[in-house]
Structures are given as C-alpha cells and as structure tokens.
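A short worksheet on the structure shown next.
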Amino acid sequence: MLDAGHGPETPGKQTLDGRMKEFEFNHTVTRLIKKELEGCGVVVILSHLGESDIPLRERTALANKLGVQVFISIHANAYGTTWNEVSGIETFTYTKASDQSKILAILIQESLCSLLNRKDRGIKQADFAVVRDTKMPSVLVECGFMTNKEEAELLQTEQYRLLCAKAITFAILSWKNKS
C-alpha cells in the first residue's frame with residue numbers, strides 16, 4: 001500500500017513561497033511508484049485517491065484489513081517557518097519497528113540518497129500513526145525539505161519526482177525479493 005502523505009487540504013503543508021502543496025509532490029511520486037511497480041507485476045493499493053483528506057486511522061485500518069504486504073508513506077519535509085539550510089533525505093520507522101521495517105528503511109534510504117545525490121539524514125524512529133498502527137512492515141519517507149530553497153525547487157520538478165519514484169521502487173523490489 002502506498003500512502004500519499006498529507007491530503008490536499010491539510011493546512012500549512014506547502015513550500016514557504018506557496019508555489020507547491022506537499023500533497024502535489026506526494027501524490028505525483030506515489031502515482032509514479034504505482035505505475036513502476038505495476039509494470040513489474042506488483043499489485044499496488046493506494047491509501048486514498050486524493051480528492052479529500054482521509055484520517056490516518058482510516059488509512060492504517062484499511063491496510064490492516066486488507067493484509068497488505070507493506071505500507072509506505074511518501075512525504076516532503078519541512079523545518080521551521082523560514083527558508084533555511086536544513087536539507088536531505090530521511091526515512092522513518094516506528095520506535096519498536098520490526099526487522100523487516102528496518103531492512104526496508106535501509107534499502108529506501110540508501111537508494112534515494114544514492115540516486116538523488118542528496119544529504120543522508122539517516123534512518124530515524126518516530127511515533128507516527130502510519131508506522132505505529134500498521135501490522136505490516138511500514139516506513140515513512142521524507143524526500144527533501146520544502147523549507148530549503150534548493151530542495152523546494154527540486155521537489156517541484158518532474159525529473160526529481162521521477163527519480164524519487166525510481167529509487168523507492170528499486171528499494172521495494174529489492175526488499176520484496178529478499179523477504
């Protein structure tokens with residue numbers, strides 16, 4: 001199951017100049033990953049279609065009900081309320097993550113940092129609902145900072161979005177072949 005992070009109406013989730021809502025990035029990358037994976041014969045379910053915000057508990061409940069193999073939430077990061085130098089890629093697992101979640105996080109983090117040539121901020125643990133309340137391996141991926149001018153520009157380009165999708169797809173397929 002792919003989760004396009006925050007919905008289109010989530011307040012405050014946008015670049016500081018207002019040129020891009022985070023959902024635009026999340027939604028596009030999620031669709032690109034879906035297309036890539038389906039081309040490899042993988043069945044992909046989306047946690048929401050994007051017309052409205054869907055509560056996190058509904059997304060995780062759907063994943064658990066359907067018994068999906070993996071749950072991946074796609075995001076663009078932010079730090080503070082002004083442009084700053086914080087940049088890079090982060091991948092999150094739950095504070096009590098399964099071994100498979102940890103392996104998937106490593107594969108995604110390494111693939112993104114390598115292909116995008118962005119700063120590696122590491123794999124981190126957090127008590128995010130989408131990684132806490134899912135019963136399968138789960139990660140939340142932050143593909144760059146909307147509060148960093150350079151990365152905000154990248155996040156808006158088709159090329160960067162496609163590279164994010166290819167890197168995440170590669171990692172998912174690598175994980176699937178190992179598990």
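Linking Ile, Leu, Val, Met, Phe, Trp and Tyr residues whenever their side-chain heavy atoms come within less than 4.5 Å leaves L155 and F23 in two separate clusters. No path of Ile, Leu, Val, Met, Phe, Trp and Tyr side chains, each step under 4.5 Å between heavy atoms, connects V139 with L32, placing them in separate hydrophobic clusters. Following chains of ILVMFWY side-chain contacts shorter than 4.5 Å, one cannot reach F145 starting from L116, and the two form parts of different hydrophobic clusters. In this structure, I123 is not a member of the same hydrophobic cluster as L115, with clusters built from ILVMFWY side-chain heavy atoms closer than 4.5 Å. Following chains of ILVMFWY side-chain contacts shorter than 4.5 Å, one cannot reach I106 starting from V70, and the two form parts of different hydrophobic clusters.
Put simply, the side chain of S47 never gets that close to the backbone of R59: no donor and acceptor are under 3.5 Å apart. The backbone N or O of D53 sits nowhere less than 3.5 Å from a side-chain atom of E9 that would complete a donor-acceptor pair. Between the side chain of R118 and the main chain of I89, no donor-acceptor pair closer than 3.5 Å is present. Looking only at distances, a side-chain donor or acceptor of N64 sits under 3.5 Å from a matching main-chain atom of K135. T10 places no side-chain N or O within donor-acceptor distance of the main-chain N or O of H6, the cut-off being under 3.5 Å. Side-chain atoms of T28 come within 3.5 Å of backbone N or O of E24 as a donor-acceptor pair. With E151 contributing its side chain and T147 its backbone, the two residues share no donor-acceptor pair below 3.5 Å.
Closest approach of T93 and A105 over heavy atoms only: CG2-CB, 3.6 Å. Here the closest heavy-atom approach between residue R121 and residue Q109 is recorded as N-NE2, 3.8 Å. Taking all atoms of both residues into account, the shortest heavy-atom contact from A78 to M146 is CB-CE, 4.3 Å. Closest approach of A129 and T60 over heavy atoms only: O-CG2, 3.7 Å. Contact between V86 and N84 at its shortest, heavy atoms only, is N-OD1, 3.0 Å. Taking both residues in full, the closest heavy atoms of W175 and Q100 are given as NE1-OE1, 2.8 Å, listed atom of the first, atom of the second, then distance.
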Original post:
Should R19 and Q156 be marked as a side chain to side chain contact (heavy atoms under 4.5 Å, CB included) after you check the CA-CA gap, both sets of side-chain angles, and the distance that decides it?
Top reply: CA-CA 9 Å; R19 290 179 44 215; Q156 294 175 63; 3.5 Å; yes
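Between Q125 atom CD and T91 atom OG1 the span is 12.5 Å, to the nearest 0.5 Å. Taking CD from E142 and CG from L112, the interatomic distance works out to 11.5 Å, rounded to the nearest 0.5 Å. With values rounded to the nearest 0.5 angstrom, L104 atom CG is found 12.5 Å from D99 atom CG. Rounding to the nearest 0.5 Å gives a distance of 7.5 Å between CD1 of I103 and NZ of K178. The line from CG of N26 to NZ of K13 is 10.0 Å long, rounded to the nearest 0.5 Å.
Ion pairing between a basic and an acidic side chain is recognised when a charged N comes within 4.0 Å of a carboxylate O; K119 and E90 show no such pairing.
Summarising the local packing, NZ of K176 is surrounded by 12 or fewer heavy atoms from other residues, nucleotides or ligands at distances under 6.0 Å. Surrounding CG of N117 are at most 12 heavy atoms belonging to other residues, nucleotides or ligands under 6.0 Å away.
Residues D3 and S73 bring a donor and an acceptor atom of their side chains to less than 3.5 Å of each other. Residues S114 and S111 bring no donor and acceptor atom of their side chains to less than 3.5 Å of each other.
Side-chain contact between W83 and N148 is absent, with no heavy atoms from C-beta onward closer than 4.5 Å. Using a 4.5 Å cut-off on side-chain heavy atoms (C-beta onward), I72 and T30 make no contact. You'll find the side chain of H75 reaches within 4.5 Å of the side chain of E22, heavy atoms only.
In this structure K34 satisfies the side-chain contact (heavy atoms from CB on, under 4.5 Å) test together with L2, E38, V44, L46, sequence neighbours excluded.
The hydrophobic cluster containing V131 also includes M1, I45, L56, L62, L66, V68, F71, F92, Y94, F128, V130, M136, L140, under a criterion of side-chain heavy atoms closer than 4.5 Å among ILVMFWY residues, counted directly or through chains of members.
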Extract all donor-acceptor atom pairs below 3.5 Å that involve side chains of residues 162-174 and protein atoms in other chains or at least two apart in sequence.
residue	atom	partner	partner atom	Å
K166	NZ	E36	OE2	3.0
T169	OG1	A165	O	2.7
S174	OG	F170	O	2.9

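Y160 and F25 have tilted rings, their planes meeting at an angle from 30° to 60° on a 0 to 90° scale.
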